[in-house]
Amino acid sequence: MPLISVVIPCYNEQEVLPQLYDELARVAGLMDYVNFEYCFVDDGSSDGTLGILRSCAARDKRVRFCSFSRNFGKEAAMLAGLRMARGDYVAVMDADLQHPPEMLLEMYEAVRGGEYDCAAARRTDREGETAVRSGGSALFAKLMNALSDTEYVEGATDYRLMRRGMVEAVLSLPEYNRFTKGIFSWVGFKTKWIPYVSRERAAGETKWSFMKLLRYSIDGMMAFSTKPLALSSILGVVCCAIAAATLLVTVVKTLIFGNPVAGYPTIVSLILLVGGLLMFFIGMLGQYLAKTYMEAKHRPIYIVRETEEGLK
Ligand code: UDP
Ligand code: MG
């Protein structure tokens, strides 16, 4: 029988874990033609998450887990889970039941035939989400597609089931600044998008504030596009052209009419404008440099403190 690994990053999820575990067991019961293993990753939780995982692993040998030495973020947790997974198929799922476990049935049907390498959930309607957040994510999808060559599907989630081949491809990308949604798309393969309506979190609360999401979007764009860097060169050329034209006009005007040019206010605003643009682009350059610096350090993406086999 084929084995499906379900990777679940968890950060302070003690309220939902028991419910999630029951749901997963129910789905495993429905899909008795495959074996399951659950790869929980405790991303340095400060609540009872690790305790729950320990007791689940003691009761049920399908449950495996690894626990980080501190919070390293969801991207790191997903990577750890993918590395842990031994299945012929690997699913990635949030712990909060916003990704309905019963969708695994449909996902497995899509990939088992071999026509698709991956079946992924696409959010069509968002319950319990503010207009700002859904508008922001639509804008992000547009920008991402304009700036990078990696196709970004609007409403794409991390929830998906992949064939081993695709998992190996994802694992072959060693970067430190991981934007997994972009990586899933970058590696290619045939993906079937399955629409679903997002539910509200079963319990607990979201770990993503608006600022955190904004930061994440900017990091995602920077990880998959260097076009913003070229933008400064283009703008530089445009500024030079405008400057040359105004210079010519001023010289000709002075030669013909001999008028003294009184343009202090214009000069001041132009200096401010150009200075502002320069600083903006230097700042952006710095951001890319900082990313390169972090990559060059070759630090591990996460550190494991404990697994189901005991302390490290
Ligand atoms: N998560 C994580 N590390 C973090 C933040 C979140 O592993 O630093 C996990 C979290 O436990 C959940 C998933 O990532 O399983 C999605 O998080 P959340 O539900 O808070 O995000 P949202 O659904 O609101 O985007
Ligand atoms: Mg959630």
Side-chain angles (χ1 to χ4, degrees), residues 1-11 13-14 16-43 45 49-50 52-68 74-112 116-122 156-168 170-171 180-181 183-184 191-192 194 196 198-199 201-202 204 302 304 307-309:
M1 279 211 283
L3 174 68
I4 298 186
S5 305
V6 186
V7 168
I8 307 154
C10 313
Y11 179 49
E13 300 285 9
Q14 63 176 11
V16 283
L17 278 183
Q19 207 179 330
L20 172 73
Y21 176 75
D22 291 346
E23 281 282 309
L24 285 172
R26 192 175 63 83
V27 171
L30 294 174
M31 297 174 75
D32 49 9
Y33 41 90
V34 286
N35 287 322
F36 273 94
E37 76 169 358
Y38 309 120
C39 304
F40 288 94
V41 181
D42 163 39
D43 186 7
S45 303
T49 300
L50 180 56
I52 296 175
L53 293 182
R54 275 196 205 115
S55 64
C56 281
R59 264 187 288 132
D60 182 346
K61 65 173 179 7
R62 290 175 302 185
V63 176
R64 299 170 59 210
F65 71 88
C66 92
S67 173
F68 289 175
K74 186 186 173 189
E75 299 293 329
M78 280 196 284
L79 176 67
L82 290 178
R83 283 188 181 157
M84 232 170 116
R86 304 176 183 141
D88 308 296
Y89 299 90
V90 181
V92 181
M93 184 191 287
D94 280 3
D96 56 8
L97 289 169
Q98 278 183 316
H99 295 162
E102 64 272 11
M103 266 181 88
L104 284 176
L105 281 140
E106 203 182 329
M107 288 180 169
Y108 182 63
E109 286 313 312
V111 293
R112 73 188 296 185
Y116 291 102
D117 305 295
C118 172
R122 209 184 123 241
T157 64
D158 292 325
Y159 185 25
R160 59 190 63 223
L161 180 70
M162 295 170 277
R163 264 193 330 102
R164 174 56 43 192
M166 181 164 170
V167 177
E168 292 302 327
V170 170
L171 289 177
T180 308
K181 255 180 228 151
I183 293 178
F184 285 145
T191 300
K192 180 176 185 178
I194 303 174
Y196 84 110
S198 173
R199 295 183 291 196
R201 215 169 210 288
Y302 56 84
V304 175
T307 68
E308 75 277 4
E309 281 153 9

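These numbers come from the heavy atoms of this one structure, side chains and all, not from hydrogens, waters or symmetry mates.
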With a 4.5 Å cut-off on side-chain heavy atoms, are [Y] and [X] touching?
| X | Y | answer |
| --- | --- | --- |
| Asp158 | Lys74 | yes |
| Leu105 | Glu109 | no |
| Glu75 | Met78 | yes |
| Leu104 | Met93 | yes |
| Cys56 | Tyr38 | no |

Please set out all donor-acceptor pairs under 3.5 angstrom arising from side-chain atoms of residues 16-34, sequence neighbours excluded.
{"unit_1": "Tyr21", "atom_1": "OH", "unit_2": "Asp60", "atom_2": "OD2", "d": "2.5"}
{"unit_1": "Glu23", "atom_1": "OE1", "unit_2": "Arg26", "atom_2": "NH2", "d": "3.4"}

Pairing residues for Asp88 by the salt bridge (charged side-chain N to carboxylate O under 4.0 Å, His left out) criterion, not counting sequence neighbours: none
Is there a side-chain contact (heavy atoms from CB on, under 4.5 Å) between Val92 and Met162 once you walk through the steps? CA-CA 9 Å; Val92 181; Met162 295 170 277; 4.1 Å; yes
Search all heavy atoms of [X] against all heavy atoms of [Y] and return the closest pair with its distance.
| X | Y | result |
| --- | --- | --- |
| Asp43 | Tyr11 | O-CD1, 3.2 Å |
| Cys39 | Ser5 | SG-CB, 4.3 Å |
| Phe184 | Arg160 | CD1-NE, 3.2 Å |
| Pro9 | Ala77 | CB-CB, 3.6 Å |
| Ala156 | Arg122 | N-CG, 4.2 Å |
| Tyr159 | Met107 | O-CE, 3.8 Å |

Out of Arg64, Arg62, Lys61, which residue meets the salt bridge (Lys or Arg N to Asp or Glu O under 4.0 Å) rule with Glu37? Arg64
In sequence, state the C-alpha distance, the side-chain angles, and the governing distance for Phe65 and Asp42, and then conclude on side-chain contact (heavy atoms from CB on, under 4.5 Å). CA-CA 7 Å; Phe65 71 88; Asp42 163 39; 5.7 Å; no
Is a donor on one side and an acceptor on the other found under 3.5 Å between the side chain of Asp94 and the backbone of Asp96? no
Determine yes or no for a side-chain-to-main-chain donor-acceptor pair under 3.5 angstrom, with Thr49 supplying the side chain and Glu13 the backbone. yes
Going through the distances and angles, do Gln14 and Ile52 end up as a side-chain contact (heavy atoms from CB on, under 4.5 Å)? CA-CA 7 Å; Gln14 63 176 11; Ile52 296 175; 3.8 Å; yes
Taking only residues two or more places apart in sequence, or in another chain, which ones meet Ala76 in a side chain to side chain contact (heavy atoms under 4.5 Å, CB included)? Phe68, Phe72, Ile301, Tyr302
